[in-house]
Protein chains: 2
Amino acid sequence: MGRPRDARRDVAILEATLSLLTELGYEQLSIEAVAGRSGAAKTTIYRRYRDKADLVAAAVDYRSHATPPSPAAVGLRENLLALAGWLAREIAEQEIGLLGALFAGMRGDPRLAEEMRRILRRDEAAMTDEPFRKAIGDGERLTPRAAELFAEIAPAVIVHRVVVAGEPCDERFVEHLVDDILLPLLLEGR
Amino acid sequence: MGRPRDARRDVAILEATLSLLTELGYEQLSIEAVAGRSGAAKTTIYRRYRDKADLVAAAVDYRSHATPPSPAAVGLRENLLALAGWLAREIAEQEIGLLGALFAGMRGDPRLAEEMRRILRRDEAAMTDEPFRKAIGDGERLTPRAAELFAEIAPAVIVHRVVVAGEPCDERFVEHLVDDILLPLLLEGR
DNA sequence: TCGATACGAAACGGTAGCGTATCGAAAGTG
DNA sequence: CACTTTCGATACGCTACCGTTTCGTATCGA
């Protein structure tokens with residue numbers, strides 16, 4: 001009954017939200033700007049989402065899920081380098097604006113905060129589960145809680161470098177991260 | 001010549017800025033709110049600071065410099081526990097709102113970003129220099145770059161836990177941080 | 001005492017976004 | 001075709017804050 005909603009409107013709205021979120025940050029993101037960039041009227045947006053927090057949560061949930069590279073290399077060090085390098089690129093190029101924008105937004109909006117943490121946990125799990133299962137399956141001798149340690153340390157150090165230090169995560173840094181921090185901690189013997 | 005500026009106004013303005021910054025975040029911080037809470041007129045604020053970025057930079061610079069506890073315990077592990085615990089408390093109770101608020105603000109304001117990084121580096125140095133000099137002086141066998149590693153990892157992991165995971169940095173976590181991450185990395189032999 | 005400056009209070013015009021309402025046209029369903 | 005809902009466009013009143021100006025008063029130095 002009645003005219004059905006246009007799915008392309010949803011896509012346009014959510015992608016406009018993501019790009020604006022990256023550019024401007026959560027606080028400065030306005031529904032009006034989303035309407036402008038997406039080509040949708042404000043009415044169309046308010047019909048779907050109650051307010052900004054609702055819209056942003058939907059947009060972050062919608063964004064293409066991060067899919068880390070499956071470990072194709074031979075050794076553990078090479079796999080770690082690939083995984084950490086991918087993570088660094090992901091954070092630096094795509095996520096940092098989004099993450100940084102959301103850090104502040106989460107504080108004023110507990111509902112958004114909980115949603116964000118749910119999504120971050122999901123991505124973190126997807127990032128560590130399969131690669132480490134693979135590495136362990138290949139007979140690498142890792143610490144029992146290697147996956148948890150990786151997920152706890154690698155994103156933290158990368159984000160700290162990008163946001164606080166303001167320095168790039170180039171290849172040298174990734175090697176430093178793997179050789180000086182991750183490998184010593186994750187290898188069984190230590 | 002003429003009436004000199006009242007230093008108590010400065011204090012009131014900067015402290016109001018800091019508390020509001022922690023509560024609301026950078027974007028939502030308004031000069032009017034600072035005027036309201038500090039009891040100063042907007043005129044008085046604009047006479048001192050050109051705009052919000054200028055005010056915030058001054059406030060962050062003013063805030064009482066973090067002074068870590070001098071290592072009073074006996075062993076390296078105890079000193080690390082004290083230092084990491086103090087850092088966790090500092091971040092969780094005071095800084096996190098401020099840091100989180102500034103992450104977003106830094107993006108839109110390169111001037112503020114550079115000032116913030118300068119201040120963060122200063123505090124980081126103050127935090128690591130003396131305690132590690134003391135520990136090394138006590139004859140502990142540390143990795144050459146122990147201080148750098150500590151400054152690179154500890155704040156990053158703590159911030160990640162508080163902001164991303166949204167879980168508290170209780171005593172159990174600090175012990176985990178020291179025993180499972182810091183000690184294995186900082187000890188010379190590994 | 002006098003001149004200069006700081007101070008609080010208030011008002012100003014301007015900008016921006018909020019969330020709502022109304023309208024006619026479009027696009028489905030039965 | 002009749003009905004229902006969506007969509008774009010536009011206007012609305014509202015709120016908040018901006019950065020500036022004006023005014024009367026307070027407080028210093030010379």
Side-chain angles (χ1 to χ4, degrees), chain A residues 1-59 62 101-102 104-112, chain B residues 1-59 62 101-102 104-105 107-109 111-112:
Chain A
M1 41 178 67
R3 173 178 175 176
R5 290 193 181 171
D6 190 344
R8 290 171 303 183
R9 292 301 128 214
D10 288 278
V11 175
I13 290 171
L14 294 177
E15 289 187 344
T17 303
L18 284 178
S19 64
L20 284 169
L21 200 53
T22 305
E23 291 173 28
L24 305 176
Y26 179 80
E27 319 279 357
Q28 291 184 346
L29 173 73
S30 68
I31 306 267
E32 309 225 345
V34 173
R37 177 165 300 189
S38 68
K42 277 204 297 178
T43 325
T44 306
I45 299 177
Y46 277 108
R47 191 177 292 118
R48 290 164 160 76
Y49 309 101
R50 192 152 44 86
D51 54 18
K52 187 161 72 169
D54 203 18
L55 169 63
V56 169
Y62 157 80
L102 292 172
M106 286 166 67
R107 306 207 351 267
D109 200 315
R111 188 163 44 107
L112 175 64
Chain B
M1 41 180 63
R3 175 178 176 176
R5 291 191 181 172
D6 190 342
R8 291 171 303 182
R9 294 300 132 218
D10 288 280
V11 175
I13 290 171
L14 294 176
E15 289 187 344
T17 303
L18 284 178
S19 63
L20 284 170
L21 201 53
T22 306
E23 291 172 28
L24 304 177
Y26 178 79
E27 318 279 357
Q28 290 185 346
L29 173 73
S30 69
I31 306 265
E32 308 226 345
V34 173
R37 177 165 297 187
S38 67
K42 278 202 298 178
T43 325
T44 306
I45 299 176
Y46 277 109
R47 191 176 294 115
R48 290 165 160 75
Y49 308 101
R50 191 152 45 87
D51 53 18
K52 186 162 71 170
D54 203 20
L55 169 63
V56 169
Y62 157 80
L102 293 172
R107 304 207 354 266
D109 201 316
R111 188 163 44 107
L112 174 64

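Naming: A, B, ... by sequence-line order, numbering from 1 per chain.
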Salt bridge flag under 4.0 Å for residues R48(B) and D10(B): yes

Side-chain donor/acceptor of K52(B) to backbone N/O of L29(B), under 3.5 Å: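 The answer is yes, because a donor-acceptor pair under 3.5 Å joins these two groups.
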
[X] to [Y] - nearest heavy-atom pair and separation:
| X | Y | answer |
| --- | --- | --- |
| L24(B) | Q28(B) | O-OE1, 3.5 Å |
| Y62(A) | V11(A) | OH-CG1, 3.8 Å |
| Y49(A) | L14(A) | OH-CD2, 3.5 Å |
| T44(A) | I13(A) | CG2-CD1, 4.3 Å |
| S38(B) | A16(B) | CB-CB, 3.7 Å |

Positions of residues 5-16 of chain A (non-hydrogen atom under 4.0 Å from DNA chain D), listed by number: R5(A), D6(A), R9(A)

Test applied, side-chain hydrogen bond (donor to acceptor under 3.5 Å, both in side chains); reference residue, R37(A); option that passes from E32(A), E23(A), E15(A): E23(A)

Sequence-aligned protein contact record of nucleotides 19-30 of chain D, with B where the base is within under 4.0 Å of a protein heavy atom and S where only the sugar-phosphate is: BBB----BBB--

Could you tell me how far apart [X] ([atom1]) and [N] ([atom2]) are, to the nearest whole angstrom?
| X | N | atom1 | atom2 | answer |
| --- | --- | --- | --- | --- |
| Q28(A) | dT15(C) | CD | C1' | 14 Å |
| L24(A) | dG17(C) | CG | C1' | 13 Å |
| Y26(A) | dG17(C) | OH | P | 15 Å |
| I45(A) | dT6(D) | CD1 | P | 15 Å |

Involving DNA chain D, stems made of at least three consecutive Watson-Crick or G-U pairs, both distances under 3.5 Å: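 Paired runs of 3+ in DNA chain D: C:1-30 with D:1-30.
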
Of R48(A) and L29(B), the one whose closest DNA chain D nucleotide lies more 5': R48(A)

Candidate list T17(A), D51(A), L55(A), test side-chain contact (heavy atoms from CB on, under 4.5 Å), partner I31(A), passing option: L55(A)

Shortest side-chain distance from R47(A), nucleotide among dG8(D), dT6(D), dC18(C):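 Among the listed nucleotides, the one closest to the side chain of R47(A) is dT6(D).
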
Sugar-phosphate, base or nothing in reach of A33(A), heavy atoms under 4.0 Å: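 No contact.
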
